[in-house]
Amino acid sequence: MALIVQKFGGTSVGSVERIRNVARRVAKWRAAGHSIVVVPSAMAGETNRLIALAREIQPQPDRRELDVVASTGEQVTIGLLSMALIELGLKARSYTGWQVKVQTDSAHAKARIVAIEHERLRHDLAEGYVAVVAGFQGIDTQGNITTLGRGGSDTSAVALAAALKADECQIYTDVDGVYTTDPRIVPQARRLKTVTFEEMLEMASLGSKVLQIRAVEFAGKYRVRLRVLSSLTDPMLPVAEEAEAGTLITFEDDPTMVMEKAVISGVAFNRDEAKITVHDVPDRPGVAYAILGPIAEANIDVDVIVQNVGHDGMTDLSFTVNRADCARAMKILKEQVQPHIKCREVSGDEKIAKLSLVGLGMRSHVGIASQMFRTLAEEGINIQMITTSEIKISVVIDEKYLELAVRVLHNAFELERE
Ligand code: ADP
Ligand code: ASP
Ligand code: MG
């Protein structure tokens, strides 16, 4: 008998019928003798709807109150799913994040989980209950409701699995695993049977939204066995078959796993970034700090950074931030930084996208970058920024070429082939 945490995403609980199917699936795993904690997201589209409502009242919603509103979607699904389980004759109990409690820091809309009190869940599980815990939400030390950032139910599930020392965390979604790239963009994309944490971490941080990045970080840190699989298959699929389905995210040194030997595992992309350029900055020590220090102080994440070679004592510095933070970052630069460093101009470009190749095999293969650049050049796609690490190469390009670029790279590196 195993303890399994099963997370169901928005599409998977998107209608009453789908919630019933989730209940059937959970009941099947219970009948096979396993203890189950279920973590549902809000119904598809619901979190967007709630955030839009808040913005109608306040264009820049108060962060504390926005979390109060945004967290309600999950409260609905835990209740409905528990009812569906009870209807099937199971013992089930729902918990909001604060009932558990999922303790977080106070960074509204991107809170981090710091601890989980799990005694009550353990007690219920021992009594044979299915514990249905709301994803995406927690509570800070002052008792304020927090949310974990978009896609945060993945992190809730993995954190619960880590706290409860679960045997596996299963992420049920609307695709049957992790693919070489988003199958919505490249229909020929291929499902990976296994992927390492390192690669998954890069893919998630570079924009593959199939798993929230913090979920992957958590799973890697606490060695949670993590599987991505489909909730849209027949809910009565035999447990033995479902247990092997989808994509297992695992460790490079895991002896039981046969790693796929491809050099490149996937193409990730992100449309959520914006590029900011500070033009004609004096080329002297301390300038990067003068520009990026206030950005960091405002808790704005900076991603790709490029500083041009200086000319006539001047240089340009460009960097990317999350698109949602672009206006705030520009304001800080114009009001707090420009008067001091006396740069010529601060400009922003929201019509960019970042595209990345990810693969452990890059460590031992040369020529990947040049093949990537050649492929993009042949399509007339201009590269605005480049950044690399041991296992990834990212480029920033004009957003309008993104889908084309993903397709030609997927093809050039033959990712559709086994
Ligand atoms: P959920 O609501 O279940 O959390 P998400 O929409 O967050 O689902 O994540 C699943 C989606 O992630 C898929 O529908 C797919 O379009 C997208 N996706 C992006 N990159 C990948 C990838 N490499 N492999 C699989 N799915 C991906
Ligand atoms: N409902 C939240 C969102 O839409 C959390 C999640 O789905 O994981 O972002
Ligand atoms: Mg998700």
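FYI, the numbering just counts along the sequence from 1. Each ligand, and each atom within it, is numbered from 1 in the order the structure gives.
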Could you list each N/O atom of ligand 1 together with any protein N/O atom closer than 3.5 Å, one pair per line with the distance?
| from | atom 1 | to | atom 2 | distance (Å) |
| --- | --- | --- | --- | --- |
| ligand 1 | 2 (O) | Gly10 | N | 3.1 |
| ligand 1 | 3 (O) | Thr173 | OG1 | 2.7 |
| ligand 1 | 4 (O) | Lys7 | NZ | 3.0 |
| ligand 1 | 7 (O) | Lys209 | O | 3.4 |
| ligand 1 | 8 (O) | Thr173 | OG1 | 3.1 |
| ligand 1 | 14 (O) | Asp174 | OD1 | 2.8 |
| ligand 1 | 14 (O) | Asp174 | OD2 | 3.4 |
| ligand 1 | 14 (O) | Arg184 | NE | 3.4 |
| ligand 1 | 14 (O) | Arg184 | NH2 | 2.6 |
| ligand 1 | 16 (O) | Asp182 | OD1 | 2.8 |
| ligand 1 | 16 (O) | Asp182 | OD2 | 3.4 |
| ligand 1 | 16 (O) | Arg184 | NE | 2.8 |
| ligand 1 | 23 (N) | Tyr179 | O | 2.9 |
| ligand 1 | 24 (N) | Tyr179 | N | 2.8 |

Is there a donor in the side chain of [X] and an acceptor in the side chain of [Y], or the other way round, less than 3.5 Å apart?
X: Ser347; Y: His279; result: yes
X: Ser230; Y: Asp176; result: no
X: Tyr401; Y: Asn382; result: no
X: Arg63; Y: Asn144; result: no
X: Glu74; Y: Gln137; result: no

Do Asp154 and ligand 2 have an N or O pair less than 3.5 Å apart?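 In this structure, Asp154 places no N or O atom under 3.5 Å from an N or O of ligand 2.
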
Any nitrogen or oxygen of Ser41 lying under 3.5 Å from a nitrogen or oxygen in ligand 2? Just yes or no.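 It does: an N or O of Ser41 is found under 3.5 Å from an N or O of ligand 2.
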
Quick check: are there more than 12 heavy atoms from other residues, nucleotides or ligands sitting under 6.0 Å from [atom1] of [X]?
X: Glu378; atom1: CD; result: yes
X: Arg112; atom1: CZ; result: no
X: Lys101; atom1: NZ; result: no

Do any heavy atoms of [X] fall under 4.0 Å from ligand 2?
X: Gly152; value: yes
X: Glu46; value: no
X: Gly9; value: no

Part of Gln212 within contact of ligand 2 (heavy atoms, under 4.0 Å):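 Neither part.
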
Nearest to atom 4 (O) of ligand 2, what protein heavy atom do you find, and at what distance?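 Checked against all protein heavy atoms, atom 4 (O) of ligand 2 sits closest to Arg150 NH2, 2.9 Å.
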
Nearest to atom 6 (C) of ligand 2, what protein heavy atom do you find, and at what distance?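 Among all protein heavy atoms, the one nearest atom 6 (C) of ligand 2 is Ser153 OG, 3.4 Å.
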
Tell me whether Arg223 forms a cation-pi arrangement with Phe251, defined as NZ or CZ under 6.0 Å from the six-membered ring centre and within 45 degrees of its axis.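 That pair qualifies as a cation-pi contact.
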
Would you verify whether the NZ or CZ of Arg93 falls within 45 degrees of the ring axis of Tyr129 while also being under 6.0 Å from that six-membered ring's centre? yes

Positive for side chain to side chain contact (heavy atoms under 4.5 Å, CB included) with Ser318, one of Gln384, Gln307, Met385: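 It is Met385, the one option of Gln384, Gln307, Met385 that forms the side chain to side chain contact (heavy atoms under 4.5 Å, CB included) with Ser318.
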
Taking only heavy atoms of Gly151, which atoms of ligand 2 are found under 4.0 Å from at least one of them? 3 (C), 5 (C), 6 (C), 8 (O), 9 (O)

Out of Met43, Lys209, Glu74, Lys7, who is nearest to atom 1 (N) of ligand 2 when you count heavy atoms only? Glu74

